[in-house]
Trainee: 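Dumping the structure here so I can ask a few things about it.
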Amino acid sequence: MDNSPLQVVTVPTAPYPDQRPGTSGLRKKVYVFQSRRNYLHNFIQSIFSSIDLRDRQGSTMVVGGDGRFFNQAAIEVIVQMAAANGVGRLVIGHHGIMSTPAISCVIRKYKAIGGIILTASHNPGGPDGDFGIVFDTANGGPAKEAVTNKIFQISRTIEKFALCPGLRVDLTTVGRQMFDLENKFKPFTVEIVDSVESYANLLRNIFDFAALKEFLSGKNHIRIRLDAMHGVVGPYVKRIFCEELGCPANSAINCVPLEDFGGQHPDPNLIHAVDLVDSMRDGQYDFGAAFDGDGDRNMILGKHGFFVSPSDSVAVIAANIFCIPYFQQTGVRGFARSMPTSTALDRVAKATKIELYETPTGTKFFGNLMDAGLLSLCGEESFGTGGDHIREKDGLWAVLAWLSILAARRQSVEDVLREHWLKYGRNYFTRFDYEDVEIDAACEMMEDLEIMMADKAFVKQRFAVGDKIYQVDKADNFEYADPVDGTITRNQGLRIIFSDGSRIIYRLSGTRSEGATVRIYLDSYEREDIFQDTQVMLAPLATIALKISQLHQRTDRSGPSVIT
Ligand code: VG1
Ligand code: CO
């Protein structure tokens, strides 16, 4: 232990008006954090100040990030500020790196009052990329809006922050470091942990690792390919799949976390996970998956790159949930999906008589339901799937869930999907993203749409494209009343629901670091015609969605930036 007590200082600062957390934390360009004086300090102090001093004093908190550029520099500041703000113990990932699901796991394991995650998730990294900060609360899930609103309010009037400028932490050595601070009775402790081990241990208690090992490396094993996309999940993939489950080395690619993700978007979809998509094409691998920068998202592919839409993925896991030992023990309390996610999960819920919750976009809304014992499995169309073992989406968990299903059913990914559609019918689903459009044009479009949808004549209106006719059944701006605490969340996306259950949804993204992204989600259910091409099947709805919104004319675009 260092013998000379470290000084705690208070530094005057001036507030910024734009530190409002979005769908998942505060996301800004790296240069914003680097060039604006105390930008990071202000936000971190706002987080600490949002926690009641009695809860904060002597408490344990967790810190880690996805390893992107600025991760380390930010952690050094956070440690100095945590000590000065009365936190008693900080648990930090080795080298400052932890996946988002691992942080959730560690918060719960150490009974911490919360954690700070340094990530902009699937957004690009590097000096020209994005940086982000998410605050998780004691349940291990992203803070609810009441908390993020409070943080934002504090950030708008902040005048000073506290820090211990002399405190230097060594992130390279696993173990405990103690620091004496002036005016403190107890030392401030930093614990550098191997989060891979804690997280792997959690998964060992959920899945049947012996059966999975046989399936992945025994006689007649299947061949898998996992793409960590140079995000945080690489070391977890290596340890769990290669070392423990015996997968050959070529099962795991891009497993070294890089500060700029190798210059790519660490976004697991057919466009950005090119390495995986390419290597799956020729049929060498039976199963493929990719993860995002912070490890909470997943994309599942079958042989020859057969694509599993995330909305179907959660529905298939739901329909086969007892292939996962954890759920055999806990039973199944409920299913949930975000509003834009297709209604495939609803059909499984109905058939199994399990409650279905429809929440706004964002992981934070699932946590409350899980804490109340109402929810076991959740999913978002944006490649996020999770269970109630933690309070974040969990990419590796989703892959192990899928492999457990394949191991039990001895079927290919494609056959599992085909059978699923035969039994439940198929929801064709797609999302169009229009990135970096002008904010004013996007907002105006949303306003005009809402006005049009509010007109009484809009309901019952018919739209014809070719031989398809859609009649509006319901149109609204989605709002959610939390079944646990009654909190109302408004303005969560404009939805048009047609009489056959098809839906068009318009939303503005809440994870952009600048500019606006318009998302259009199309969802259409077919009972019979279930083996067609998604884009062909959804073309009429797409035509209607563009016609109603005049999106192309308003934004001067001729098509989406990304289609998933
Ligand atoms: C997007 C997704 C949403 C997801 C969020 C955070 O938000 O649509 O489903 O929960 O990202 O995911 P938005 O507001 O841009 O549509 V992650 O993996 O970035 O934490
Ligand atoms: Co993510």
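What's counted below: heavy atoms across the whole structure, side chains too, no hydrogens, waters or symmetry copies. Note that the numbering runs from 1 along the sequence shown for the chain. Both counts, for ligands and for their atoms, begin at 1 and track the order of listing.
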Trainee: Salt bridge or not between K393 and D292? Use side-chain N to carboxylate O under 4.0 Å.
Mentor: no

Trainee: I want to know if ligand 1 touches L508 in the polar sense, i.e. an N/O pair below 3.5 angstrom.
Mentor: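 N/O-N/O distance under 3.5 Å: no.
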
Trainee: Among all protein heavy atoms in this structure, tell me which lies nearest to atom 4 (C) of ligand 1, with the distance rounded to 0.1 Å.
Mentor: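 Protein heavy atom with the smallest distance to atom 4 (C) of ligand 1: E380 OE1, 3.5 Å.
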
Trainee: Shortest non-hydrogen contact from S121 to P266?
Mentor: O-CG, 3.7 Å

Trainee: Hey, which atoms in ligand 1 end up nearer than 4.0 Å to a heavy atom of D296?
Mentor: 17 (V), 18 (O), 20 (O)

Trainee: Hey, is E381 close enough to R519 for a salt bridge, meaning N to O under 4.0 Å?
Mentor: no

Trainee: Below a 4.0 angstrom heavy-atom separation, can you tell me which part of D292, side chain or backbone, both or neither, approaches ligand 1?
Mentor: side chain

Trainee: For G510, take its heavy atoms, then give the atoms of ligand 1 lying under 4.0 Å from any of them.
Mentor: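 Those qualifying, in numeric order: 13 (P), 14 (O), 15 (O).
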
Trainee: Quick check for you: to the nearest 0.5 Å, what is the distance between N269 atom CG and L276 atom CG?
Mentor: 11.0 Å

Trainee: Do any N/O/S atoms of T100 come under 2.8 Å of the Co ion (ligand 2)?
Mentor: no

Trainee: Measure from atom 15 (O) of ligand 1 to every heavy atom in T517, T511, T361 and give the option owning the shortest one.
Mentor: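 It is T511 whose heavy atom sits nearest to atom 15 (O) of ligand 1.
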
Trainee: Hey, are R490 and E450 close enough for a salt bridge, meaning a charged N less than 4.0 Å from a carboxylate O?
Mentor: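 Looking at E450 together with R490, the answer is no, because their closest N to O distance does not fall below 4.0 Å.
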
Trainee: Could you tell me the residue and atom name of the protein heavy atom closest to atom 5 (C) of ligand 1, and the distance to it rounded to 0.1 Å?
Mentor: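 Heavy-atom neighbour on the protein nearest atom 5 (C) of ligand 1: R297 NH2, 3.7 Å.
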
Trainee: Nearest 0.5 angstrom please: I405 CD1 to I300 CD1, how far?
Mentor: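 Separation between the atoms: 9.5 Å.
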
Trainee: Test of understanding: given a 4.0 Å heavy-atom threshold, classify the contact between R431 and ligand 1 as side chain, backbone, both, or neither.
Mentor: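 Looking at R431 and ligand 1, just side chain atoms fall under 4.0 Å.
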
Trainee: Tell me whether E380 is salt-bridged to R297, with the criterion being a basic N under 4.0 Å from an acidic carboxylate O.
Mentor: no

Trainee: Determine, for K144 against D485, whether the closest basic-nitrogen to carboxylate-oxygen distance falls under 4.0 angstrom.
Mentor: yes

Trainee: For ligand 1, which part of R27 has a heavy atom less than 4.0 Å away: the side chain, the backbone, both, or neither?
Mentor: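 R27 to ligand 1: side-chain contact only, backbone stays beyond 4.0 Å.
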
Trainee: Taking atom types as modelled and ignoring hydrogens, do the side chains of T341 and Y521 form a donor-acceptor contact shorter than 3.5 angstrom?
Mentor: no

Trainee: Report, in ascending order of atom number, the atoms of ligand 1 lying under 4.0 Å from any heavy atom of R507.
Mentor: 13 (P), 14 (O), 16 (O)

Trainee: When rounded to the nearest 0.5 angstrom, what is the spacing between CG in D275 and CG in N254?
Mentor: 5.0 Å

Trainee: Between D436 and R512, does any NZ, NE, NH1 or NH2 come within less than 4.0 Å of an OD or OE carboxylate oxygen?
Mentor: yes

Trainee: Apply the side-chain hydrogen bond (donor to acceptor under 3.5 Å, both in side chains) test between D130 and each candidate in T511, T119, N123; give the one that qualifies.
Mentor: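 Only one of T511, T119, N123 forms a side-chain hydrogen bond (donor to acceptor under 3.5 Å, both in side chains) with D130, namely N123.
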
Trainee: Pairing donors with acceptors under 3.5 angstrom, does anything connect the side chains of T100 and D294?
Mentor: yes

Trainee: To the nearest 10°, what's the angle at the Co ion (ligand 2) between atoms OD1 (D294) and OG (S121)?
Mentor: 100°

Trainee: Side chain, backbone, both or neither: which part of S24 has a heavy atom under 4.0 Å from ligand 1?
Mentor: side chain

Trainee: Write out the residue and atom name of the closest protein heavy atom to atom 12 (O) of ligand 1, then the distance separating them to 0.1 Å.
Mentor: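 Checking every protein heavy atom, the shortest distance to atom 12 (O) of ligand 1 gives K393 NZ, 2.8 Å.
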
Trainee: Which part of R512 is near ligand 1, with near meaning a heavy atom under 4.0 Å away: side chain, backbone, both or neither?
Mentor: neither

Trainee: Using a 4.0 Å cut-off to any heavy atom of H122, which atoms of ligand 1 qualify?
Mentor: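 Atoms satisfying the 4.0 Å criterion: 19 (O).
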
Trainee: Suppose I only count heavy atoms of R519 and a 4.0 Å limit; which atoms of ligand 1 are within that range?
Mentor: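 Heavy-atom distances to R519 below 4.0 Å select 8 (O), 13 (P), 15 (O), 16 (O).
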
Trainee: Can you tell me the protein heavy atom closest to atom 9 (O) of ligand 1 and the distance?
Mentor: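 The closest heavy atom on the protein side is S382 OG, 2.6 Å.
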
Trainee: If the Co ion (ligand 2) is the vertex, what is the angle to OD1 of D296 and OD2 of D292, rounded to 10 degrees?
Mentor: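 About 90° at the Co ion (ligand 2).
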
Trainee: Could you tell me if any non-hydrogen atom of G362 lies under 4.0 Å from any atom of ligand 1?
Mentor: yes

Trainee: Tell me, which protein residue and heavy-atom name are nearest atom 17 (V) of ligand 1, and how many Å apart are they?
Mentor: S121 OG, 2.9 Å

